[in-house]
Amino acid sequence: MTGTLIVGGTVVDVDGSRDADVRVDAFGRVCEVAANLLPAAGETVADATGRLVIPGGVDAHTHLHLPVGTVRVSDDFDTGTRAAAMGGTTTIIDYVTAYRGEDPLHAALTWKGWAEPSVIDWGLHMTFTEPVSEATIARCIEAGMTSFKLYMAYPDLLQVDDRTIAEIMMATARHGGLVTLHCENGGAIEALRAQALAAGRRGVPEHSATRPAVLEGEATHRATAIAESVGAAVYIVHMSSAPALVEVRRAQERGVRVLAETCPQYLHLDVSALARPDGANFVCTPPLRDPWHREELWHGMSRGWIHTVATDHCPFWAADRAAGFAGDEAAADFTAIPGGLPGIETRMGLIWDGVAAGRITVEDWVRLCSEAPARTFGLWGTKGALRPGFDADVVVWDPQRTQSLDADALHMAVDHSPYAGRTCTGWAERVWSRGRLVADRGRFVGEPGWGRYLERGPALLEPVG
Ligand code: MN
């Protein structure tokens, strides 16, 4: 591989926005960022005049290949990471789940097998669904999985109690890891779901009605209180609502290290979609909310109260979603729909939309989508900036490039798009993964298996200089 010189663009990363060229060495690392660099012999020159040059996106919350009930997430690590690359994301962190009774390290091996065809670099989070020993936590961290997800919902399969959350937070903090939490009050939600079914309320909108925002707020408060009491940091995944954001702010104001992630679906969609004939295609958890929550979330991003944007990418074929309804018509209900939305390809574009609309700055966009997730999940020094020595995961972003968000114009393995009919203005033009061109003006030019497993280090919770 020869080196590449990306010239004429505006570089945006943690060091600010400036007109600069980016030199990538033959080993796939950034080696120089400065104005007016001259090409060396044999170097490929890429023109980025009039474009932005940014560190590749880091999507810290994905689900690829995952079996869910009787079906499977429609994107595997090949199709899912291709789509990510086409949209300007060059690193993903996927969630391993260790189900009750299962050895977490064994579960991780299963995921590593699935992830082999990845076209971009990938890391893994671990999800615990029961109490675990400190030795297990230490082994995961040694294996490069430094973040642990716990659920406060889904008691049948995933939820852990408050004691387990506190104990895992304590042990994780001792080993330099970070707990990430799904914040919804699972017990109350189960009661509301049972009540709805008993009353014959079976339609798709019940998915949202039985998971109210106030129960996300309650769980977020509990999560931050537990973190505060044990002296640990906590990362809130897929925050969807204003009550949750209020709790995050209150905790931050009293000095708790709470980091919040939101997702494009909570910034661009609302609960009315569940009442559509294709409403099943909009089932995700936490559910889509009333439109006013979106405004609060955009505001929270601009103020720095929200730390990252990830996707919770979890697509299903429409037929698989409908299976719960199509089988036994009389027994069909909203609880049978596999939940999750496609989004791994559209994240950078949908958040850029907030830059174009003046809701956030271009620097916010890079921080939320690339720098902060890299720092938080132990990838700083390698991912999330265009400093010398970092991996040359580089995106040339064209603010004028248009991209339809219809399913057939995108590359995710899914037959519907939550954003059908919309067009983004501003999209990835060229994308490099460790110096190798993987997406070129709408064409995928990477290769399966190029992506490497990322052994992640400790969370970096302080601002970087
Ligand atoms: Mn998820």
Side-chain angles (χ1 to χ4, degrees), residues 58-69 71-77 80-81 83-84 89 91-99 104 107-108 111 114-115 122-129 145 147-160 165 178-186 189 207-208 211 216 219-220 223 234-241 244 259-267 269 281-289 297 306-316 320-321 337-347 369 373 376-377 412 414 418:
V58 177
D59 187 347
H61 189 160
T62 67
H63 302 281
L64 297 174
H65 198 112
L66 180 72
V68 177
V71 300
R72 210 194 78 187
V73 164
S74 54
D75 261 320
D76 58 24
F77 279 82
T81 58
T89 288
T91 300
I92 63 162
I93 311 177
D94 202 82
Y95 273 99
V96 179
T97 300
Y99 293 98
W111 254 259
W114 292 342
W122 51 280
L124 297 173
H125 305 279
M126 178 56 68
T127 306
F128 297 127
T129 55
M145 295 175 285
S147 41
F148 305 109
K149 185 183 190 185
L150 302 173
Y151 283 87
M152 301 172 89
Y154 306 113
D156 291 348
L157 206 59
L158 303 170
Q159 186 174 334
V160 294
I165 294 171
L178 179 66
V179 168
T180 80
L181 276 175
H182 175 126
C183 295
E184 285 186 301
N185 184 314
I189 286 167
H207 172 70
S208 172
R211 313 187 81 91
E216 187 186 10
T220 304
V234 63
Y235 179 97
I236 312 292
V237 297
H238 54 42
M239 188 172 67
S240 71
S241 70
L259 309 169
E261 164 195 287
T262 191
C263 310
Q265 55 268 35
Y266 303 119
L267 299 163
L269 303 173
N281 292 345
F282 292 86
V283 169
C284 59
T285 303
L288 301 179
R289 305 296 190 185
L297 295 174
I306 293 175
H307 188 65
T308 59
V309 178
T311 60
D312 199 10
H313 178 74
C314 191
F316 295 95
D320 287 342
R321 287 185 185 278
I337 305 166
L341 300 186
I344 202 167
E345 187 173 4
T346 49
R347 178 183 66 130
C369 294
T376 305
F377 292 111
M412 298 175 282
V414 63

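Remember, it's 1-based here, ligands and their atoms both numbered in the order they're listed. Computed from a predicted model, the values in this text were never measured in an experiment.
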Flag, side chain of E216 to backbone of S240, donor-acceptor distance under 3.5 Å: yes
Mind checking whether Y95 and H125 have parallel, tilted or perpendicular rings, split at 30° and 60°? parallel
Look at the N, O or S atoms of H61, main chain and side chain alike, and state whether any lies under 2.8 Å from the Mn ion (ligand 1). yes
Tell me whether the Mn ion (ligand 1) has H63 as a neighbour, meaning an N, O or S atom of it below 2.8 Å. yes
Does the ring centre of H63 sit less than 6.0 Å away from the ring centre of H61? yes
Among N, O or S atoms, D312 approaches the Mn ion (ligand 1) most closely through OD1
Would you tell me whether D75 and H313 have side-chain atoms, one donor and one acceptor, within less than 3.5 Å of each other? yes
